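A quick write-up on the structure given underneath.
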Amino acid sequence: MGPGQTSIQVLRSSRSSQSLANGVNGVSGASMLVAPSISYAPLGGGDAAAGPLLRARGPSGPSTTVVTVKKPIPVTSASVTTACSVANVTSVTSSVVSGASGGSSPIRRAGANPAATLISVPAAAGDTAGTGARVVKVGNVGTPVAASKARMASASSRLAQGGQASAQLRAVSLEYSHSDLTAATDNWSHSKRLGSGKHGAVYKAELKDGSQVAVKAIDLAAVTRAGDSPQDAGFDEEVLMLSKFRHPNLVTLLGWGSHGDFRYLVYELLAGGDLFRRLHKSRSSNPKPFLWYDRVSVCLDAASGLSHLHNSNPKAFHRDIKSANILMDRHGTAKLADFGLSCCSSYAGANHVDVRFASGTPGYRCPVYERTGRVSEASEAYSFCMVMLEVLLGLDPSATNSKAPSGLTYPIQEAVSPGTPGAEERCLQALDQTAGPWPLELAQEIARLAIRGVNATDEKQRPSSVEIVRTLRSLSERFPAGQDFTSIQTERKPEASSKHRATQPSVQKVQRSVAPQVPTPFPLREEAKAPLTPSHCESSQVSPVIYNLDSPYFLEVTLATGSFELSDEQRRLPLKPLRMEGGAFVVAVGRGQQPELFEAWLPDGKMRTCVSRNAFEVAWRDGDYSPWLTAQGSGPVALDGQAVTPKTAYSLRHGAEIGLLYGKQLLIRFKFHDNVKSQPGQVVRSYTGSLVPPTPVMGHRALPSSPYAYSARGTRRTRERSVGAAWVESGHVQVREAESGNANVNAPPVVCLEIWGEKVPENRIGPVSLAGKPLLVGSRHQPFLEKSLTNMVDRDHFCIASEGGVFWLLCLTSKGLWRVREGTEPQRLILDDLASLQHGDLIVPRLGPEVTVEQCCRTLSWNFLVVLEPS
Ligand SMILES: Nc1ncnc2c1ncn2[C@@H]1O[C@H](COP(=O)(O)OP(=O)(O)OP(=O)(O)O)[C@@H](O)[C@H]1O
């Protein structure tokens with residue numbers, strides 16, 4: 001190439017160059033490099049080293065251009081710059097003159113990058129008035145899909161059989177033998193499967209050196225049988241791309257393998273699963289919490305990986321950004337994965353790549369990219385911002401629906417309508433409440449950024465990936481885990497939640513906050529799901545609660561900084577009380593209490609000393625199942641992501657998360673488990689055998705923004721008082737002042753009941769204040785119940801009162817009720833029976849002796865929710 005020439009490179013794998021060469025020499029070679037302004041015709045084979053020559057005619061006719069397609073040259077490890085699925089790449093555009101790109105001349109770069117195919121075009125062919133601004137369209141690479149499939153397949157298999165592709169891959173990445181990978185995966189055992197994608201399954205494997213990895217097996221023959229080209233599997237692209245780009249937030253490729261039609265990719269094992277499943281799990285019937293600060297952290301990680309690609313030189317594009325391609329390691333660090341579609345722009349300044357087929361996933365795919373086939377930072381920002389909305393709202397960008405004309409619906413679009421005024425507010429109203437109480441400012445900023453990013457038409461509006469990283473980083477610094485932030489007033493639109501989040505209750509209007517984890521309509525544990533026979537609790541006139549005598553509660557370690565392997569014993573800390581204090585069992589947790597466990601959890605001694613010797617205590621009273629937590633040490637302790645005040649008691653519920661922090665850093669996180677088992681007919685209420693009269697817990701202040709926090713701002717006298725059934729009077733219920741005096745509750749309890757059921761219209765009672773009077777539920781109190789729930793609800797069905805810091809449910813119907821609480825077996829109540837209530841409990845009517853609690857629950861239930869103040 002002589003001086004004055006400008007060049008473009010289409011950088012690609014040798015397999016792709018072979019496809020191109022095939023196309024050039026093939027029947028449709030003339031159509032392969034056709035562009036509006038330049039047409040190409042084959043000149044002949046060219047020489048072996050230089051590849052075929054093409055003649056290009058400029059629009060004005062006489063001037064001709066020679067385009068040289070160089071054949072791939074074997075590479076050295078340092079030389080592979082990039083890869084791109086060339087069969088799918090049609091043009092590369094630069095906004096900057098490339099011919100005078102100084103030190104990084106495309107020629108030199110091409111020379112230094114033998115994997116690349118160089119296509120050179122004289123400047124005259126496309127330069128506009130010497131300004132340097134130039135769009136050079138290389139044209140459609142490839143032939144019509146069907147006609148080219150066989151050719152591509154054969155090209156691929158030729159290359160795959162140990163040809164240049166293998167040499168190229170070998171030069172940049174470790175090759176694993178088929179026998180080693182077979183042994184590592186226990187002969188591709190089904191039990192080792194981590195999941196599967198469009199082009200193959202992923203297996204968990206243990207290499208000879210003992211390290212655990214993930215191996216993706218791609219069957220090219222199956223890919224071809226399925227009507228795709230082997231190129232579509234993106235094997236070479238993935239090896240080349242991941243060998244070049246190393247970043248803490250991009251999945252690490254350890255190597256690759258090849259055997260017959262099979263190709264293998266060996267990755268680091270990312271044991272934390274993918275973001276898509278993680279979000280779904282957080283709203284499943286057996287939910288695993290995924291709190292807002294963890295979500296922000298995952299977004300920040302993934303954005304950092306993406307920004308690394310976009311800010312490399314030349315730019316790289318992932319082309320399939322979606323939550324399923326964001327994987328997490330065991331510590332929760334997120335990484336971008338699945339580079340099968342990725343590609344690179346050709347050289348410094350090139351800011352997009354045109355592709356023949358706008359691949360990617362519906363719902364995440366930028367509409368401009370879909371229309372034009374132009375992948376750019378802006379099109380990737382669209383996909384990433386869609387992921388952020390998914391994380392904020394807990395809704396899928398697309399969902400299959402056989403009734404929809406296209407077979408797909410777009411829940412996020414439907415809930416938020418990002419392109420229309422008021423999108424931010426709609427977004428804030430539809431926040432996923434299973435993520436805990438989102439800090440308002442944080443949610444607002446993410447929503448604003450994400451809505452800008454999913455602007456369907458104006459790509460300039462969209463944030464750059466660096467802006468996304470910086471915004472998320474600033475937010476995660478301003479809103480660290482474990483701090484108490486005033487959260488959001490939310491009112492979810494029932495349509496949005498009911499349509500796409502069938503298992504989620506809608507969220508009531510709250511003044512301060514909502515529960516960190518909204519329970520599912522039927523939050524029973526697996527073992528509790530077995531239908532109960534009517535005789536189960538028949539004989540029991542008293543609450544049939546028995547404590548597991550080993551320990552009623554235990555802590556599960558869900559995060560331990562610096563700890564790589566924890567045995568089952570090290571993950572579980574049974575809370576066995578060692579002392580009694582003021583009539584309560586007390587268990588202390590801290591570095592000085594469980595030294596060996598803390599050593600396993602925090603192997604770094606310096607870090608360990610950041611934990612107090614007695615960090616917190618969990619306590620409960622015999623016969624009462626309302627445990628509480630008190631921070632004792634100087635180190636910060638968080639409950640459900642919010643800092644607690646030392647020496648102050650906070651209610652604990654099953655599933656609550658307890659964090660030990662150093663400054664803003666979360667060192668250990670526990671999940672609190674309630675072991676209390678219900679056993680028919682047994683009246684054992686004692687942990688140690690010493691029976692203590694059941695008294696509600698008093699004297700502890702609840703977490704200000706927790707569902708139990710109604711007394712948070714009050715100056716309460718801390719004295720015990722008796723309750724029992726004393727507040728019932730001749731069918732009429734009154735809260736009676738106990739002899740010991742009334743608690744001075746400044747902020748009165750406010751609750752709300754959401755009504756769910758298969759044939760029941762969504763409805764709600766409340767929010768109502770329980771200050772001084774109970775909430776009565778029955779057809780004479782809520783006439784709408786009579787209309788919709790005839791025969792199921794009595795005139796006086798049940799009532800709820802707050803007393804002594806505890807919510808109580810009193811059964812007023814002779815038909816009976818169930819109280820269903822996550823993690824415990826359903827408790828059956830008969831007329832005049834009393835049971836404590838917690839935020840999230842379900843109150844389920846008994847619909848007949850033969851009807852199981854599960855069936856009753858599906859038919860009708862009241863979800864008890866605590867709201868702090870009257871709205
Ligand atoms: N490095 C890894 N560590 C652990 N699990 C992994 C790893 N890579 C992939 N997986 C899991 O394997 C499954 C399949 O991954 P794969 O990339 O093949 O498909 P996908 O991205 O889900 O779908 P598609 O490729 O069709 O878009 C995913 O569920 C993913 O969670």
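What you see below is based on every heavy atom in this structure, not just the backbone, and it leaves out hydrogens, waters and symmetry mates. From a predicted model like this one, the values you see are computed outputs, not experimental measurements. Atoms within each ligand, like the ligands themselves, are counted from 1 in listed order.
- Pairing each heavy atom of Ser282 with each of Phe290, the nearest pair is CB-CB, 3.7 Å.
- The N/O atoms of Ser196, backbone and side chain alike, include none that comes under 3.5 Å of an N/O atom in ligand 1.
- Residue Gly195 has at least one heavy-atom neighbour below 4.0 Å for each of these atoms of ligand 1: 13 (C), 14 (C).
- Protein heavy atom nearest atom 4 (C) of ligand 1, with residue, atom name and distance: Leu270 O, 3.1 Å.
- Near Glu268, the atoms of ligand 1 lying under 4.0 angstrom from a non-hydrogen atom of the residue are 1 (N), 2 (C), 3 (N).
- Using modelled atom types, one finds a donor on one side chain and an acceptor on the other under 3.5 Å when comparing Ser323 with Tyr364.
- The shortest non-hydrogen separation linking Pro289 to Lys671 is CD-NZ, 3.8 Å.
- Contact of the Tyr264 side chain with the His178 side chain is registered, since non-hydrogen atoms from C-beta on lie closer than 4.5 Å.
- Nearest to atom 30 (C) of ligand 1 by heavy atom, out of Val202, Leu327, Leu194, is Leu327.
- Taking all heavy atoms of Lys216, Met328, Lys322, Lys335 into account, the minimum distance to atom 27 (O) of ligand 1 is reached by Lys322.
- If you number the atoms of ligand 1 from 1 as listed, the ones under 4.0 Å from a heavy atom of Ala214 come out as 1 (N), 2 (C), 3 (N).
- Asp320 meets the side-chain contact (heavy atoms from CB on, under 4.5 Å) test with His318, Lys322, Asn325, Leu341, Thr361; sequence neighbours excluded.
- For atom 25 (O) of ligand 1, the nearest protein heavy atom (residue, atom name, distance) is Asp338 OD2, 3.0 Å.
- For Lys204, the closest heavy-atom approach to ligand 1 does not fall below 4.0 Å.
- Residues Ser307 and Val469 come closest through the heavy atom pair CB-CG2, 3.8 Å.
- Ligand 1 is never approached by Gly273 to a heavy-atom distance shorter than 4.0 Å.
- With contacts defined as side-chain heavy-atom distances shorter than 4.5 Å, the pair Leu449/Glu467 qualifies.
- Taking the charged nitrogens against the carboxylate oxygens, Arg263 and Asp236 have no contact shorter than 4.0 Å, which rules out a salt bridge.
- Using a cutoff of 4.0 Å between basic side-chain nitrogens and carboxylate oxygens, Asp294 and Arg278 are not scored as salt-bridged.
- Between Ala324 and ligand 1, not a single N/O pair is under 3.5 Å apart.
- The protein heavy atom nearest to atom 23 (O) of ligand 1 is Gly197 CA, 3.5 Å.
- Here Asn325 has side-chain heavy atoms under 4.0 Å from ligand 1, and that is the only part of it that gets that close.
- Distances below 4.0 Å separate heavy atoms of Asp274 from the following atoms of ligand 1: 29 (O), 31 (O).
- Nearest to atom 26 (O) of ligand 1 among the protein's heavy atoms is Lys198 N, 2.6 Å.
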